[in-house]
Engineer: 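Sending over a structure as structure tokens; questions will come in a sec.
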There are 2 protein chains.
Amino acid sequence: MNDVARQAGVSLKTVSRVVNGETTVDPALAARVREAVASLGYRPNLGASLLRRADQRTGTIGLLLPDLVSPFSAALHRAIDAEVTRRGAQVLSGNVGHDPARERDLAETFARQHADGLIITPVAARQSHLAPDIPAVFVDRRARGWPADTVLATNHAGAKQAVEHLQRHGHRRIAYIGTMPGARRHGYRRAMAAAGLVKVERNDPEQALLEAPTALFTESRTVTVAAIRALQAAGMQRRVALVGFDDFPLADLLDPGITVVAQDPVAMGRAAARALFERIAGGTAEPRVISIPTTLIARGSGEVAIRGS
Amino acid sequence: MNDVARQAGVSLKTVSRVVNGETTVDPALAARVREAVASLGYRPNLGASLLRRADQRTGTIGLLLPDLVSPFSAALHRAIDAEVTRRGAQVLSGNVGHDPARERDLAETFARQHADGLIITPVAARQSHLAPDIPAVFVDRRARGWPADTVLATNHAGAKQAVEHLQRHGHRRIAYIGTMPGARRHGYRRAMAAAGLVKVERNDPEQALLEAPTALFTESRTVTVAAIRALQAAGMQRRVALVGFDDFPLADLLDPGITVVAQDPVAMGRAAARALFERIAGGTAEPRVISIPTTLIARGSGEVAIRGS
DNA sequence: CTACTGCTAGACAACGTTGTCTCTCGATGT
DNA sequence: ACATCGAGAGACAACGTTGTCTAGCAGTAG
């Protein structure tokens, strides 16, 4: 900035004024300054600026996601990005990859980079490591040890709806496939108990098929795909019904099309971004949970007829 | 830092030493300092540190991708992330979304945040806007106006291989579907010309099918999926052959499985990260192009028998 | 017992920027 | 003609940190 001032023949402070778009500068001087800025390739030092400045905003939002490859995360990212960009800020994202240490490191990095706020799908056991002075919003999972707005799909209701859908199609031996505790599993249990049916819960489709179920309900996209493979390998894709939690691309092009409980990542992302901007603006309301409804999309695999045994 | 020094009863500089892990501090003092740091929730100011510091490294790599939703980008991101993390640095990524202005803004942001380097899939017409003092590596596309290492798939050879594969299966009316100029289209033309066949190039599968081709070669995943839909809609998925450029999840579960020319995003990401670290370390070799081979994966759609017409 | 060495810890300046204060100069009102 | 005012521009300090220099002190050799 010194060099710019020298080349433009003005004081340091005047350069600062021009760079910051203050109006109390003679247009002729301002032009000279801008010219010097361009010719020297001057770039303001964010750190120094932040150091001195009162308003600490950087226009940057940090996004921490556990899995970049998942279409759900990707859609969420895109929705958040759209909403944040619409408000003139930027999203920088980091890949946590289910590693608690990386969640901590990345959050720390964003904090040091003076992100205005964070949107996080928590993977660590507790989130108490987060910087207390940076607003955060959680999405897709609940956090622990750090009260903040949380955006969730209606996991329990969605799972219940999926199982009831299978029950309506006559299924009574419905297996749950998945490895996580949580609302989806709980929704399955609730629906099965309500109908007086025996619960069958397994970690993977191969194990589940040993129990001769007539229908499968899968906890997540990964498991759904594993189940499709297992059914195709056994040639049973038209004999055993399948409903998966979480939609995915090409689900409609498979044969049969895969019936899913679709989340709404666009609405979730938008809600998360909005909640975050409210916090950044100084909102101090009690932390709340925002629920985004799921939708059952019937495509065939969830409606295969039950075999007379 | 002042507060920490006061609480620990030491000087400012000693706190600095402890925070930076210098060894010339009495262990007892260091322990007092660390305790004070923890109890006050002190977080060093990156900006101020960078301001004073000689070594300007931040351990941060910026990644600019055009499309988060594409499995190729996601895989690339993951591979880069793995390689960068392995070297103790972090990746922060931004979604450019095919918008040249956002490419510029995000690159600018990363520059201001003192990223050590950038990995970019260029979308803008020219990359001359990039900060000259920050090493950059391009991946998946060539840049213009900014010489740097570039990692590319063997697009020309891959396309040629795909078309030759179809020719070997007896196809003579092979349509190219895609909208971009470039090496893939050029590879198609080369292979067709070499076999003395008539080129049919169209923007979308519906138009291409009007020409009654016996085989389709699609330029990218998006187009491949559109072609699958079109073929299924017309019930022709077993009569018209299809080879797509770029692999995608579930390609093997479709019926027929989709034959593709697979890129190797893992190798590409790793190569890009390695090239970048060489530049960061001060490598000044002539910019080079690193080619990563593609592989044809036969799954059925590219091998459907040609109908005796 | 003195001079020297080695090591720890503090004082001070400087990094690049901006908030505040002050100065200059021309315009306005009486 | 004189006092007053406002707008534009510069001087200066301060933000939080670290590189450099120096002071203090204990241990060691002569």
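Letters A, B, ... mirror the listed sequences (proteins, then strands); counts begin at 1.
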Engineer: Using a distance-only test with no angle check, is there a side-chain donor-acceptor pair under 3.5 angstrom linking B:R53 and B:N20?
Structural biologist: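 Side chains of B:R53 and B:N20: pair found under 3.5 Å.
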
Engineer: I want to check one thing: is the phosphate of D:dG10, taken as OP1 and OP2, less than 4.0 Å away from some side-chain N or O of A:T14?
Structural biologist: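 The answer is yes; a side-chain N or O of A:T14 sits under 4.0 Å from OP1 or OP2.
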
Engineer: Side-chain donor-acceptor pair under 3.5 Å between B:H129 and B:E103, yes or no?
Structural biologist: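 Note: B:H129 and B:E103 side chains meet the donor-acceptor criterion.
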
Engineer: Want to settle it: does B:K13 or A:V10 sit nearer the 5' end of DNA chain D, counting the closest nucleotide to each?
Structural biologist: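 The residue closer to the strand's 5' end, by nearest nucleotide, is A:V10.
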
Engineer: Would you call B:R279 and B:D116 a salt bridge, taking side-chain N to carboxylate O under 4.0 Å as the test?
Structural biologist: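 No, B:R279 and B:D116 are not salt-bridged.
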
Engineer: Counting only heavy atoms from other residues, nucleotides and ligands, does the tally under 6.0 Å from CZ of A:R43 exceed 12?
Structural biologist: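 Correct, the count exceeds 12.
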
Engineer: Do the side-chain N and O atoms of B:S39 and B:Q7 include a donor-acceptor pair separated by under 3.5 angstrom?
Structural biologist: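 Yes, because at least one side-chain N or O of B:S39 sits under 3.5 Å from a partner of the opposite role on B:Q7.
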
Engineer: Going by heavy atoms closer than 4.0 Å, what residues in residues 17-33 of chain B are next to DNA chain C?
Structural biologist: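 Those residues are B:R17, B:T24, B:V25, B:D26, B:L29.
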
Engineer: With each end axis built from five pairs of C1' atoms, what bend angle do you get for the helix from C:dC1-D:dG30 to C:dT30-D:dA1? Round to 10°.
Structural biologist: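 Here the helix ends are tilted 40° relative to one another.
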
Engineer: Does one side chain, of A:S291 or A:T154, offer a donor that lies under 3.5 Å from an acceptor on the other?
Structural biologist: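 Their side chains do not contain a donor-acceptor pair, so the 3.5 Å distance test is not met.
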
Engineer: Is there side-chain contact between A:R112 and B:Q113, with heavy atoms separated by less than 4.5 Å?
Structural biologist: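 No; the side chains remain at least 4.5 Å from each other.
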
Engineer: If we ignore angles and hydrogens, is there a donor and acceptor under 3.5 Å between the side chains of B:Q90 and B:T60?
Structural biologist: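 Result is no, nothing qualifies.
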
Engineer: Could you go step by step and tell me if A:L65 and A:L63 meet the side chain to side chain contact (heavy atoms under 4.5 Å, CB included) rule?
Structural biologist: CA-CA 6 Å; A:L65 290 175; A:L63 174 62; 3.9 Å; yes

Engineer: Between B:R102 and B:D105, does any side-chain N to carboxylate O distance fall below 4.0 Å?
Structural biologist: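 No, no charged N to carboxylate O under 4.0 Å.
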
Engineer: Which atom pairs link the protein and nucleotides 13-16 of chain D when you take only N or O atoms and keep those under 3.5 Å?
Structural biologist:
residue, atom, partner, partner atom, Å
D:dA14, N3, A:R52, NE, 2.6
D:dG16, N2, B:A48, O, 3.3

